[in-house]
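We use all heavy atoms of the structure for the numbers below, so side chains are in, but hydrogens, waters and symmetry mates are not.
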Amino acid sequence: MEIKEIYELINNIGVLVFSTINGDEVHSRIAHFNGCDEDGIYFRTMANKPFGRQLIETGKVTVCGISDSKCLGYEEEGTPNFPPSYTIRLIGDVKKVAPEIIKEKAKTNKALMSAANDIDKYPAMAEGNFVIYKAKGEIFDVDFDCINRDHKLLRKRFSFGGVPFNPAGVRITDACIECGKCKKVCTFKAIEEGTPYKVREDRCDDCGSCLMACPVNAIEESLTF
């Protein structure tokens, strides 16, 4: 995926949860991005705030958000109900962007104009512009009631800035005996017949049903993201 495509999905959500590291704690807060270009995705805060200090100290951030403002409801019997929506998450490296660079970029990038204006409006903001310049991430598009398609999940992983990532979902090894038990229990329509059977990573929820059903332990757990 191109950075612009990722940003459009993020921008459609609006505010997201940004998490940073502070010693042995993880700190989260609500914030938003304010533009992108070929160098990455931009956001800002005051450099003197804990958020800004943690970004400067660690150079790390994780971000997640969901497209539907009411992402969870309940049926009469108490079963959770999720409307069609998508979540997106990023795990990335950040660095400060000098105020003069933001102002120069804003001349041709309208999304960065508010950041450029805030540099003069709020002095502490001058040193609080950041860019995620390399990251890996995932889009998790759910339609559990199959309202808009015939399967529950569309899952896609991506990266930019040269970051590698592992494929999503579990994997079926050559130890598969093609008994079909994994496909029978998969409610996500993620398993295809073959020699061996195959898991579609774009549909796999890592729910574990196939792992428990396989009689020969031919299915491996998903890799760390």
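Legend: salt bridge (charged side-chain N to carboxylate O under 4.0 Å, His left out) pairs involving residues 2-25, not counting sequence neighbours: none detected. Applying the ring pair (Phe, Tyr, Trp, His ring centres under 6.0 Å) test to every pair with at least one member in residues 127-160, sequence neighbours left out, gives these pairs: F43-F130, F82-F144. For residues 114-130, the pairs satisfying salt bridge (charged side-chain N to carboxylate O under 4.0 Å, His left out) are R44-D118, K96-E127, K103-D120, with sequence neighbours left out.
Using a 3.5 Å distance cut-off with no hydrogens or angles, the side chains of R29 and T20 do pair a donor with an acceptor. If you check the side chains of N12 and Y86, you find a donor sitting under 3.5 Å from an acceptor.
Contacts of T187 classified as side chain to side chain donor-acceptor pair (under 3.5 Å), with partners at least two apart in sequence or in another chain: K152. Every side chain to side chain contact (heavy atoms under 4.5 Å, CB included) that N148 has, sequence neighbours left out, goes to P84, D143. Remark: D205 engages no residue in a side chain to side chain donor-acceptor pair (under 3.5 Å) (not counting sequence neighbours). Considering only residues two or more places apart in sequence or on other chains, E178 meets the side chain to side chain donor-acceptor pair (under 3.5 Å) condition with T195. Take E38 and apply the side chain to side chain contact (heavy atoms under 4.5 Å, CB included) test, not counting sequence neighbours, and it matches no residue.
When all heavy atoms are compared, the tightest approach of C204 to V199 is CB-CG1, 3.8 Å. Considering all non-hydrogen atoms of both residues, N48 and A124 come closest at OD1-CB, 3.3 Å.
Here V216 sits in one hydrophobic cluster together with I177; the rule is ILVMFWY side chains under 4.5 Å apart, joined directly or through other members. Taking Ile, Leu, Val, Met, Phe, Trp and Tyr as hydrophobic and joining them when side-chain heavy atoms fall under 4.5 Å apart, one finds I30 in a cluster with V15, V17. With side-chain heavy atoms closer than 4.5 Å counting as contact, directly or through intermediates, the hydrophobic cluster containing M125 also holds M46, Y122. Residue M212 is found outside any hydrophobic cluster, as its side-chain heavy atoms come under 4.5 Å of no other Ile, Leu, Val, Met, Phe, Trp or Tyr.
At least one side-chain heavy atom of C182 sits under 4.5 Å from a side-chain heavy atom of I219. Taking the side chain as every heavy atom from C-beta outward, N34 and L112 approach each other to under 4.5 Å. Taking the side chain as every heavy atom from C-beta outward, C210 and I191 approach each other to under 4.5 Å. Here the side chains of F165 and E138 are not in contact, with every heavy-atom distance at 4.5 Å or above. Proximity of V142 to S85: side-chain heavy atoms (C-beta onward) are separated by under 4.5 Å at one or more points. A heavy-atom distance below 4.5 Å is found between the side chains of P215 and K181.
Taking 4.0 Å as the cut-off between side-chain N and carboxylate O, K134 and D39 do not count as a salt-bridged pair. Between D202 and R155 no salt bridge is recorded (no basic side-chain N to carboxylate O distance below 4.0 Å). Ion pair D37/K105 flagged as a salt bridge, since at least one NZ, NE, NH1 or NH2 atom sits closer than 4.0 Å to an Asp/Glu carboxylate oxygen. Salt-bridge check for K198 with E192: failed, with every basic side-chain N at 4.0 Å or more from each acidic carboxylate O.
Clustering ILVMFWY residues whenever any of their side-chain heavy atoms sit less than 4.5 angstrom apart, transitively, puts I41 in the very cluster that holds I13. Cluster membership for L9 and L16, using ILVMFWY side-chain heavy atoms within less than 4.5 angstrom, is shared. A continuous path of hydrophobic side-chain contacts links V94 to I3 [ILVMFWY only; heavy atoms under 4.5 Å].
Taking the six-membered ring for Trp, Y42 and Y7 have ring centres at least 6.0 Å apart.
A distance-only check finds a donor-acceptor pair linking the side chain of R203 to the backbone of K189 [under 3.5 Å]. Of the possible polar contacts, none joining the R89 side chain to the I139 backbone as a donor-acceptor pair under 3.5 Å is found.
The 12-atom threshold is exceeded at NZ of K136, counting heavy atoms of other residues, nucleotides or ligands nearer than 6.0 Å.
Atom CG in L153 sits 6.5 Å away from atom CZ in F188 (nearest 0.5 Å).
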